[in-house]
J.: 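First, the structure itself, so that you have it in front of you.
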Protein chains: 2
Amino acid sequence: MNGELDSTDRAILRELQNDARLPNKDLAERVGVAPSTALERVRGLRRRGLITAFRAEVDTRALGRSLQALLALRVRPHTSQLVDPLRTFVLGLPETIALFHVAGPEDFLVHVAVPDADHLHRMILERILVRPEIIHLETTLIYRTERQPIQLPVD
Amino acid sequence: MNGELDSTDRAILRELQNDARLPNKDLAERVGVAPSTALERVRGLRRRGLITAFRAEVDTRALGRSLQALLALRVRPHTSQLVDPLRTFVLGLPETIALFHVAGPEDFLVHVAVPDADHLHRMILERILVRPEIIHLETTLIYRTERQPIQLPVD
DNA sequence: GATGAAAAGATCATGAT
DNA sequence: ATCATGATCTTTTCATC
């Protein structure tokens with residue numbers, strides 16, 4: 001119930017970030033505890049909110065979305081009355097992978113994956129820029145994205 | 001063996017992105033096929049590269065990394081001789097969540113999660129800016145990150 | 001916490017449609 | 001391709017240390 005992670009917890013987090021479907025028996029062996037202990041630890045990590053979900057990772061390229069971009073949006077006036085619906089709208093776009101609310105001159109960065117540049121262009125013109133609260137949009141093409149699959153505490 | 005996704009494949013991708021540990025029996029029921037079919041479909045999706053991994057998702061806040069930022073890096077000269085080792089270095093930092101190689105005036109965007117602003121500051125000064133090939137760094141604080149957990153093809 | 005054994009349940013290979 | 005069925009393996013619980 002406390003917030004500390006011992007080396008077993010950390011090892012479990014490492015293994016399950018690497019393979020969420022690792023059988024409990026194998027997990028137990030790799031982290032050096034009994035299967036029942038591993039099971040209890042994993043439950044604890046979920047209960048304490050350290051593990052938030054188990055998800056399949058898909059390849060957006062294989063889904064026909066080979067081009068990624070970051071869209072920097074400026075929204076004015078920057079009131080929750082305008083910002084909240086925009087946030088919902090952006091997250092509802094099937095092209096959206098992630099949405100960052102940021103400090104600085106821009107308000108949002110939207111990470112999108114699309115089939116091609118034409119799709120991106122049409123999407124921006126026909127679905128994004130038609131919204132009058134967006135007073136500025138800057139597109140940055142992404143050549144390559146690399147995610148670090150394993151997150152651990154930093155000391 | 002081909003690259004098309006039918007509605008069953010799409011439904012499976014949806015379910016497994018939502019819960020990678022959904023038992024095959026339940027998966028089969030939800031997508032409306034027999035368990036053995038569901039199993040074969042999932043294998044096919046893995047083999048064809050649509051599903052790249054099953055991963056546990058961890059909460060960086062719960063790991064004691066409550067602050068996120070994007071670091072825009074400019075590297076000069078922009079040669080693979082300098083860029084490749086830098087890429088490896090950045091991905092090796094425990095603070096790094098993702099690395100974007102981008103077009104435009106900046107070369108990289110590094111998504112990091114750190115315990116606090118002081119850690120971020122020290123990290124930038126002591127570990128990033130000491131590298132002479134980095135001729136410019138701009139830090140953007142992230143107030144909030146929202147990922148869309150489910151990716152599907154866009155039409 | 002860890003262990004071992006037994007019950008419940010999931011996975012997987014096979015053969016049929 | 002899809003399905004139904006047993007054989008096999010895993011997970012889970014519980015009693016115990």
Side-chain angles (χ1 to χ4, degrees), chain A residues 1-65 149-153 155, chain B residues 1-59 62-64 149-155:
Chain A
M1 205 62 169
N2 71 38
E4 297 306 307
L5 291 177
D6 66 13
S7 64
T8 302
D9 288 328
R10 279 195 295 269
I12 289 173
L13 288 178
R14 228 185 299 113
E15 294 299 333
L16 293 183
Q17 285 178 92
N18 189 52
D19 179 7
R21 286 190 158 190
L22 187 66
N24 185 64
K25 193 181 130 195
D26 299 358
L27 174 65
E29 193 179 327
R30 291 199 192 188
V31 307
V33 296
S36 53
T37 305
L39 206 60
E40 188 43 48
R41 292 293 191 120
V42 173
R43 287 209 185 104
L45 289 167
R46 297 209 70 170
R47 189 170 25 79
R48 289 151 67 194
L50 284 136
I51 295 174
T52 54
F54 295 105
R55 297 192 191 281
E57 214 172 81
V58 303
D59 181 352
T60 50
R61 278 172 182 267
L63 292 178
R65 298 159 64 183
I150 295 176
Q151 306 297 324
L152 286 175
D155 308 304
Chain B
M1 203 65 166
N2 69 38
E4 297 305 309
L5 291 177
D6 67 11
S7 65
T8 302
D9 288 327
R10 279 195 294 269
I12 288 173
L13 288 178
R14 227 185 298 112
E15 293 298 334
L16 292 184
Q17 285 178 90
N18 189 52
D19 179 7
R21 286 190 158 190
L22 186 67
N24 184 64
K25 191 181 128 196
D26 299 358
L27 174 65
E29 193 178 328
R30 290 199 192 188
V31 306
V33 296
S36 51
T37 304
L39 207 58
E40 187 45 48
R41 291 292 192 123
V42 174
R43 285 210 187 106
L45 289 167
R46 297 209 70 172
R47 189 170 26 78
R48 289 153 65 195
L50 285 135
I51 294 175
T52 55
F54 295 106
R55 297 190 191 283
E57 214 173 79
V58 302
D59 182 352
L63 291 178
I150 294 175
Q151 305 298 323
L152 287 175
V154 297
D155 310 304

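Chain naming here is simple, since letters A, B, ... match the order of the sequence lines and numbering starts at 1 in each.
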J.: For A:R48 and A:D9, what are the C-alpha separation, side-chain angles and deciding distance, and is it a side-chain contact (heavy atoms from CB on, under 4.5 Å)?
T.: CA-CA 12 Å; A:R48 289 151 67 194; A:D9 288 328; 3.8 Å; yes
J.: Show your reasoning for whether side-chain contact (heavy atoms from CB on, under 4.5 Å) applies to B:R30 and B:L22.
T.: CA-CA 10 Å; B:R30 290 199 192 188; B:L22 186 67; 4.0 Å; yes
J.: For DNA chain C, determine which residues of residues 14-26 of chain B have any heavy atom closer than 4.0 angstrom to one of its atoms, and list them numerically.
T.: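 B:P23, B:N24, B:K25 - these, ordered by number, are the residues of the stretch whose heavy atoms sit under 4.0 Å from the strand.
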J.: What verdict does the side-chain contact (heavy atoms from CB on, under 4.5 Å) test give for A:D6 and A:R10, after you've listed the backbone C-alpha separation in whole Å, the side-chain angles of each residue and the deciding distance to 0.1 Å?
T.: CA-CA 6 Å; A:D6 66 13; A:R10 279 195 295 269; over 6 Å; no
J.: Find out whether B:D19 and A:R55 are in side-chain contact, i.e. whether some heavy atom of one side chain is under 4.5 Å from a heavy atom of the other.
T.: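 No, their side chains stay 4.5 Å or more apart.
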J.: Do A:T8 and A:R41 have side chains that approach each other closer than 4.5 Å (heavy atoms only, starting at C-beta)?
T.: yes
J.: Starting at CG of A:L27 and ending at C1' of D:dC9, how long is that distance when rounded to a whole Å?
T.: 17 Å
J.: So B:L45 and B:L5, do their side chains get closer than 4.5 Å, heavy atoms only?
T.: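 Yes. Closest side-chain heavy atoms under 4.5 Å.
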J.: For DNA chain D, find the residues of residues 30-42 of chain B with a heavy-atom distance under 4.0 Å and give them by number; none if there aren't any.
T.: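 The answer is B:V33, B:A34, B:S36, B:T37, B:R41.
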J.: To the nearest Å, how far apart are A:F54 CZ and D:dT11 P?
T.: 12 Å
J.: Between D:dA1 atom C1' and B:R48 atom CZ, what is the distance in whole Å?
T.: 13 Å
J.: Can you tell if the side chain of A:R65 reaches within under 4.5 Å of the side chain of B:P153, non-hydrogen atoms only?
T.: no
J.: Is any side-chain heavy atom of A:L16 closer than 4.5 Å to a side-chain heavy atom of A:F54?
T.: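 Touching, per the 4.5 Å side-chain cut-off.
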